[in-house]
There are 2 protein chains.
Amino acid sequence: MSTRRAATLRLQDVAEAAGVSIATASRSLSGSPGVSETVAERVREVASTLGYVANVHARSLAGGPTRTVGLVVHEIGDPYFSEIASGLLGVGAREGLTVQICHTGRDPERELAQLRMLIANRVGAIVIAGSGLVDPSLQAPAKAELQTFRRAGGRVAVIGRHHLGVDAVLPDNVEGARAVARHLLDLGHRRVAVAAGSRQLTTVADRLAGLQQAFADAGLDFAAVPVVETDFTRAGGKAAAEQILAEHPGVTAVLALNDDMAIGVLSALRARGVSVPREVSVTGFDDVAVAGDLAPSLTTVRLPMGEMGEQALVLALKKPGTRPRRRHVDAELVVRDSSGPPPS
Amino acid sequence: MSTRRAATLRLQDVAEAAGVSIATASRSLSGSPGVSETVAERVREVASTLGYVANVHARSLAGGPTRTVGLVVHEIGDPYFSEIASGLLGVGAREGLTVQICHTGRDPERELAQLRMLIANRVGAIVIAGSGLVDPSLQAPAKAELQTFRRAGGRVAVIGRHHLGVDAVLPDNVEGARAVARHLLDLGHRRVAVAAGSRQLTTVADRLAGLQQAFADAGLDFAAVPVVETDFTRAGGKAAAEQILAEHPGVTAVLALNDDMAIGVLSALRARGVSVPREVSVTGFDDVAVAGDLAPSLTTVRLPMGEMGEQALVLALKKPGTRPRRRHVDAELVVRDSSGPPPS
DNA sequence: ACAGTACCCGAAAGCGCTTACGAAAGCGCT
DNA sequence: AGCGCTTTCGTAAGCGCTTTCGGGTACTGT
């Protein structure tokens, strides 16, 4: 991309048109004190009739507040992340912010690199959705970078994890998982299996804890339940289903810990000719947009992903607190057609 | 977001460490001529061991090449767009570019506003996926903005449309549509209906043209085929299906012009107790990730969306030609379970 | 009437980078 | 040796903005 000199108006043009100095113009437009309201109003009016838009680069270079935020996700093509991004872009647009999206392809090294890039780009805030930084050798430097970023005035929020020591918006994973598990247990299922992503993720740990609680509530032993650990993708779900079918043939219900995996499970079962929910019930987690349109439609736990994206940005925009804050959003059981009583 | 002074290293630090002036350092790092290769190499080495990262804002302010590109989509939550974004982010990361994503919620006014914002932000290139700028009263100013943007050295590419007079990457909509239609006609379907998005979109026009060709090839009259025009969403598909069921009860196949609509059609048919494909065949267009996991899995036309995102960025990055270029990608029929012979 | 105070506003110094422009140095040639 | 040429590098002038600092103006109190 080539060098060029923009042909747009500068602050000076506005200042001249309003009959003030560029200092007052700047103050008026950015709402700084030290300008009488009458003058400020006039400048704003002139600026808007002229169609003036501040040069973000100059502003940020001069040390002004940065109106751009970075969003890092595993894979923007995944509905879970794209719906979060959608919510976040919504409030971003409303607030006049620009959003830089990076995706890491689930590679922690790339995640760290992207964080560094965002920081180097002087974004004002960073929102991390689905961090894969679990390995201490990468998590430690990431934490350090984020800390110095915050000390320099940057804002950080994480979605769905709580392992980086920063503000977080968290779905109620424990309660949601407990609800699905109870649902299946109430239906009479006793031989269930779990298809999970990496246990190193706090998400997985929390959801497993919820399952465990439901089992405990029913006086059952969760330790006997097979938990197959692959990863949070469709392929991971397929693999998990194959393994469950092979190693635990009597299972009547598969609890997938996210919808992508559940979709994989469904397709693996279909390929094997196993009928859902007559022979095996399947549940998911997230309630991505297609969950209701699958056949059978998927029983799952609804997370308000768009809202999580919004809240994360709102949280990041607020004045930083001294200690990390957590905002919780509800996780709600949605019963559809993929779950039913076990075969008798 | 607050004011702050970054505590990172500047070009001057690198220059001192390498024992050269900042001018030479700058030239070395940005690959400008006028520096001996030995010196340049040394500077680059020093920079990388120091972990120096140039300040994008300073660079862009000083008139250097802008390493950021803007992507505007209708709705990042839609799989079609998020998969395009995914491909584009991939090459973006590889090229060391940062990507700003805007979504317009299908609102042409917001689309224009976002375009203006990107231009004001001095991005180096703009990629538009799915423009809704069809109304002349908005399209004209948009074209004008884009033209001056290009004259100033900016690059522009459009995905899937060819109405803005700029470089475009286009799937072979005509051929793809022709292939699905032929598929259904070969199966013996004669009473078909089409569920389409707005006819003002070139996408729709092209796909309808393809259908028409297939009908002509078979010696049939396409004019007799009902085309229900709602919009390219799941809800639009549902509405279209309801209408088709009500007004054309004898239909044995519904051709949806994208997968989102097809999913809506499937769910409407399921709600009505209509069996697919036994009673009615359904086809889509795009082949989004879930298309193969639906039940029945969806017969559709595969567009390489990730590749389209990549190609668009590659196209935008190339030296601008004098005339708008077009790059075509293939559209390939994927036959799955949602299509079959009509009931006899 | 005058000093003291508060309030606005303008001049100017950068933010970190790119890039004219000019100086210095090396070369072959007369 | 001296000339002009090319090549390599440094000096310095901005890019458009924010912000400190100081000067003006209009008040207040005595």
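Minimum atom distance to the side chain of B:R59 is reached by C:dC17, of the listed D:dT18, C:dC17, C:dC9. Of the candidate nucleotides C:dA12, C:dT19, C:dT18, C:dT19 has the atom nearest to the side chain of B:A23. Considering only side-chain atoms of A:V20, the nucleotide from C:dG10, C:dG16, C:dC15 that sits closest is C:dG10. Comparing C:dC9, C:dT19, C:dC17 against the side chain of B:Y52 picks out C:dC17 as the nearest.
Rounded to whole Å, atom C1' of C:dG14 lies 12 Å from atom CD1 of A:I22. Rounded to an integer number of Å, the gap from CG of A:N55 to C1' of C:dC17 is 13 Å. For the pair B:H57 NE2 and D:dC17 P, the interatomic distance rounds to 14 Å; values are reported in whole Å. Distance CG (A:L9) to C1' (D:dC17): 14 Å, rounded to an integer number of Å. Between B:R27 atom CZ and C:dC21 atom P the separation is 13 Å, expressed in whole Å. If you take CD of B:Q12 and P of D:dT11, they are 11 Å apart, rounded to a whole angstrom. As a whole-Å value, the separation of B:E16 CD from C:dC17 P is 13 Å. Protein atom CG of A:L61 is 4 Å distant from nucleotide atom C1' of C:dC15, rounded to whole Å.
Dashed line: the shortest gap from a side-chain N or O of B:S36 to OP1 or OP2 of D:dC9 is under 4.0 Å. A close approach under 4.0 Å does occur between a side-chain nitrogen or oxygen of B:S26 and OP1 or OP2 of C:dT18. The shortest distance between the side-chain N/O atoms of B:T24 and the OP1/OP2 oxygens of D:dC9 is not below 4.0 Å.
Remark: B:E45 engages B:E41 in a side-chain contact (heavy atoms from CB on, under 4.5 Å) (not counting sequence neighbours).
Between A:V20 and A:V35, every side-chain heavy-atom pair lies at or beyond the 4.5 Å cut-off.
Of the inter-residue distances, the one linking A:F149 atom CZ with A:L115 atom CG reads 9.5 Å to the nearest 0.5 angstrom.
Over its length, the helix from C:dC9-D:dG22 to C:dT30-D:dA1 turns its helix axis by 50°, as judged from the five terminal pairs at each end, rounded to 10°.
Judged by distance alone, with hydrogens and angles left aside, the side-chain atoms of A:R325 form no donor-acceptor pair with the main-chain N or O of A:D167 at under 3.5 Å. No donor-acceptor pair under 3.5 Å is formed between the side chain of A:D78 and the backbone N or O of A:Y80.
Side chains of A:T203 and A:R161: a donor-acceptor N/O pair is present below 3.5 angstrom, by distance only.
Here D:dA26 sits opposite C:dT5 as a Watson-Crick or G-U wobble pair (both hydrogen-bonding atom distances under 3.5 Å).
Using a 30° and 60° split on the angle between ring planes, B:H57 and A:H57 fall in the tilted class, from 30° to 60°.
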